[in-house]
Amino acid sequence: MTPVQALDFIRVLPEIVLASCAILVMVAEPFVSARHTAALAWVSLIGIVAAGAGNAWMRRFSGPAFGGSIAADPFASYFVYLLLLAAALTLLGSVRYLETNQVHHGEFYALLLLGTTGACLMVAATELIMIFIGLEISSISTYILAGFRRADKRSNEACLKYFLLGSFATAFLLYGIAFIYGLTGTTNLVQLSEKLSAPGARPPLLWIALILAFVGLGFKVSTVPFHIWTPDVYQGAPAPVTAFLSVAPKAAAFAVILRVFLGGLASAGALVFWLLWISALLTMCLGNLAALWQTNIKRLLAYSAIAHAGYVLVGMAAAKAAGPEAGEGIASVLFYLAAYALMNVAAFILVAHLAGAGERYQEADDCTGLAYQRPGVAACLTLLLVSLSGFPATAGFFAKFYVFRAAIHAHLIGLTLVAVLNSVVAVYYYLRVVVAMYMREGNPRASASPLPWPLGAALALSLVGIFYLGLFPTPFVRLANLAASPLP
Amino acid sequence: MNFFHTHVLSIVLFFPLAGLIPLLFIPGENKNALRWWANIVFLADFLLALLLVFWFGKEPAQEGLFKFVEKHTWIPSIGAQYHLGIDGISFLLIMLTLVLGFLSVLSSWTAIQERVKEYYAMFLLLQVGMLGVFMSLDFFLFYVFWEVMLVPMYFIIGVWGGPRKLYAAIKFFLYTLAGSVLMLLGILTLYFRYHRDTGVYTFNLLDLMQHANSWPLELQFWVFWAFMIGFAIKVPMFPFHTWLPDAHVEAPTAGSVILAGVLLKMGTYGFIRFSLPLLPQASSNPKVVKIMVTLSIIAIIYGALVSLMQRDMKKLIAYSSVSHLGFCTLGIFALNPHGLSGSVIQQINHGISTGALFLIVGLIYERRHTREIAELGGLSNVMPVYATLFMIVMLSSIGLPLLNGFIGEFTILQGAFEVNWRWAAWAVVGIVLGAAYLLWLYQRTMFGPCDNPKNQVLKDLNLREAMTLIPLILWAFWIGLYPKPFFKVLEQPVTAIVERVNPGFGTQQAVSQAGVPSPVSEVTGGRGE
């Protein structure tokens, strides 16, 4: 065991900044009067920005930390940015939401920051136990966040469901890790990869370990058939929390899947490929088909989030199928997740606003005629939905295109065909909300109050990002490729 | 001027988008200001494009036969470029788009009273998409415009449409989208094949074309069918046409004009621009040709028969589009210069005639709020100007000599006849039926006693309304009387395409022309001199 050095701490700078900021918020909370709770939000936002700056500064110190359990590499750095972005947008979207719902407590921000910290640890971890710790930090914070509206039955249901099923899933993951350790004698991904790729070293029960670990992570990214909790939790949790839930833990879990299944356990070829292939197929199809029947916008977006996980898995299957040239597939996954983060967080925080106090108006029909009361809000939601459905000039299109390109390149023609047809089906349910807003006569029940400025800023940022990624994706593609290249 | 000259396509393309920004700042209550502004933008864009008419002949071809080429890197990581350029075929279609765009916006002046700002905003966006489709020489860029265009059209049908607008809009949207994603897979297949052959990723149409002949037949077949579904839905060819009547009937008048006049042409344009040159062996395969021609002939006759049965004027014209577009696809798959150039001319003709017919239906709908043929009758007594203009338009659609329809249909038949006289014979049935349903429509609505009291008080057209039709009628006469400039513009690109799909055709033709004087070359006005 190498002794801990200062460099080790620099390599986890974003996590340190986030955790300290979370503690600061928690300590300060009792001393801040109820009217000024918003100040804690700004402190948290500064923390997030500082973590981002730390992440940028850290780039010149990249390398393994804490005896190889953490890696500060471009891959981690990319995901940390992504997670910080999701956290920042969520934060901007939740300030007024918490006020109108009278749950404006400083703990919210502390938990949000801790959830982000956990997710950041997950993406940087190159050691299975570290991954588990990160996962737990992130999960426990989000369990509480899901039940943040204590007085609300649905929020409680969401919390309990998320907690029970989530714990169950982590148990699976842990079980898988135990198996891997038992079979190979290590939990370090780099060593694992070396041991497994050595000639003749194929432990007989590795497939059980693989499946167990995949089930555990599959829960987190809500792949079918481990998605059962998703619609209820996404619908019941406070909408800004859903925004965060649908992006940060999911992106982090995808990062872990990439690191573990395409990095550490990469030599366990065919089984991993088929696991990815089958879950991609099922996740896309079931997510989209189930979404077709939803009228509740939150639930609809929950199923859409499941379907998007399916497209991401297509990219992963492509990366796996491409063998040594996995970089293209991985880059497409990374790009997709960035686009997804922008669209999904923005959509959920906008829905949080529209649903009004107590989130009473979540149905698509509640938005009837919104376009003529609040043209700006309706146009904004339309653009987000158009991007989610993958129309050109938006990030959603280029992300899908990039994934499909990788998949065709890896000769996954059948899977790609299913994916493109799915994206056609998806348009139908995304348009349901647009139809209500623009094409039906009536007065909207949804909140027609003007957008609070933090939410407006978050939406503006997302929309600019969406069009930037859609029209000029080159810098981001380069970033994603850079991050994808050195996967352990 | 030099900058203007080299970037003329971009300027024409994005002018409506630039016009959109001031439009968004005009307050929504000020409807007349919105109308004036939108009309001015469309007219100005058309006038800008008129420069193209003057420059086009003199401009030297830069890449292949393409002129006014603009090429910039866009997304280098995937090899997509911002690459514009036009040849004779796209030039004509762009002019059609600009004319119909302006006229349809002009025709909406009184028809649209609700949500005026959004309406014009959608039309401006739609215009950008349509122009972009015809200008793109990069497959990725093309696809972006092709898809982007769907959204405004969806809104135009869904917001300002008739009673079943929601159903029609979503049907239009999903059908077209399903076709285009399959096309995307085809595009990607070619893209990767090109990469395998050369090690370069590119969506550049001209580069892909250079390699087209080396692609194995099987690959070409797969891609051909992927493209074919995408384009055939757009055309729409039988049996992919079922979205069309719904969309046309429910769309507002201007939407129908654009839908019929321009959007349907994108399918046929796709065949000409992409399927034929990129997949020459597959497109000229006898089996493929047989299938495509059979579907075209079915569309011609079926569309005409269904038109005969219609009681709703707009639906009648919608089905007549299926029939007319059948001629266009028949001409394309005759794979000879007559067929192809006839097809392009017929596409323009269809845009003119059917666009005008939809305007005519819109004018009566605005007055009577019905399109039922049985509700009308004897209108020539109360609306003489309207009846006269309607008659000219109707005759042009039927294909009466001296008017545009004749030139297009005749040239297509000539092309079809050169390959197989049976094709021409079947297609002629469609022409006869076409005359029947249109004349019958005219007779039922315009002639006879005007005994419905509601019809007796109808006002004739005002100047603005007449002006929406007159430019189209003038254009119809121009093509009908002096089609030579149109054929001349088409000659080079059409020959080049025929040369690709039907290698050696030109030499055969030269031999046969030297031996036996071609009896048909006189009729088309000395084309190709």
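Below, read A as the first sequence line, B as the second, and so on, with proteins coming before strands; counting in each chain starts at 1. Please read all numbers here as calculations on a predicted model, not as lab measurements.
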Picking from Phe145(B), Trp146(B), Phe155(B), which has the most non-hydrogen pairs under 4.5 angstrom with chain A? Phe155(B)
Counting only non-hydrogen atoms closer than 4.5 Å, does [X] touch chain B with its backbone (N, CA, C, O), its side chain (CB onward), both, or neither?
X: Val425(A); value: neither
X: Leu417(A); value: both
X: Thr394(A); value: neither
X: Val420(A); value: both

Contact class of [X] relative to chain A, heavy atoms under 4.5 angstrom:
X: Arg115(B); result: side chain
X: Tyr201(B); result: side chain
X: Lys165(B); result: side chain
X: Tyr191(B); result: side chain

Out of curiosity, [X] [atom1] to [Y] [atom2], how far, rounded to the nearest 0.5 Å?
X: Ile408(A); Y: Ile187(B); atom1: CD1; atom2: CD1; result: 10.5 Å
X: Phe192(B); Y: His411(A); atom1: CZ; atom2: NE2; result: 9.0 Å
X: Ile157(B); Y: Met439(A); atom1: CD1; atom2: CE; result: 9.0 Å
X: Ile170(B); Y: Arg432(A); atom1: CD1; atom2: CZ; result: 9.0 Å

Given the rule in the side chain to side chain contact (heavy atoms under 4.5 Å, CB included) test, do Val144(B) and Phe398(A) qualify, once you have shown the distances and angles that lead to the verdict? CA-CA 10 Å; Val144(B) 167; Phe398(A) 194 80; over 6 Å; no
Does the separation of the ring centres of Phe173(B) and Phe391(A) fall below 6.0 angstrom? yes
Phe401(A) and Phe140(B) aromatic centres sub-6.0 Å: yes
Check whether any side-chain heavy atom of Tyr402(A) sits under 4.5 Å from a side-chain heavy atom of Ile75(B), and report yes or no.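 Tyr402(A) vs Ile75(B): side chains apart.
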Does [X], at its [atom1] atom, have more than 12 non-hydrogen atoms belonging to other residues, nucleotides or ligands within less than 6.0 Å?
X: Glu218(B); atom1: CD; value: no
X: Phe224(B); atom1: CZ; value: yes
X: Tyr428(A); atom1: OH; value: no
X: Trp222(B); atom1: CH2; value: no

Check [X] against [Y] and note the closest heavy-atom contact, atom names and distance.
X: Arg440(A); Y: Leu166(B); value: NH1-CD1, 3.5 Å
X: Ser77(B); Y: Val477(A); value: OG-CG1, 3.4 Å
X: Glu147(B); Y: Pro392(A); value: CB-CG, 3.2 Å
X: Val424(A); Y: Ala178(B); value: CG2-CA, 3.8 Å

Please step through side chain to side chain contact (heavy atoms under 4.5 Å, CB included) for the pair Leu431(A) and Tyr154(B), ending with a clear verdict. CA-CA 10 Å; Leu431(A) 286 180; Tyr154(B) 169 72; 3.7 Å; yes
Is there a donor-acceptor pair under 3.5 Å between the side chain of Trp74(B) and the backbone N or O of Thr474(A)?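 Between the backbone of Thr474(A) and the side chain of Trp74(B) there is no qualifying donor-acceptor contact (under 3.5 Å).
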Name the option with the most non-hydrogen atom pairs under 4.5 Å to chain B; the candidates are Val386(A), Val434(A), Val427(A).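 With the most close heavy-atom pairs to chain B, the winner is Val427(A).
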Report the C-alpha distance between Tyr372(A) and Glu118(B) in whole Å, list the side-chain angles of each, state the deciding distance to 0.1 Å, and finish with yes or no for side chain to side chain contact (heavy atoms under 4.5 Å, CB included). CA-CA 10 Å; Tyr372(A) 307 104; Glu118(B) 289 86 350; 4.1 Å; yes
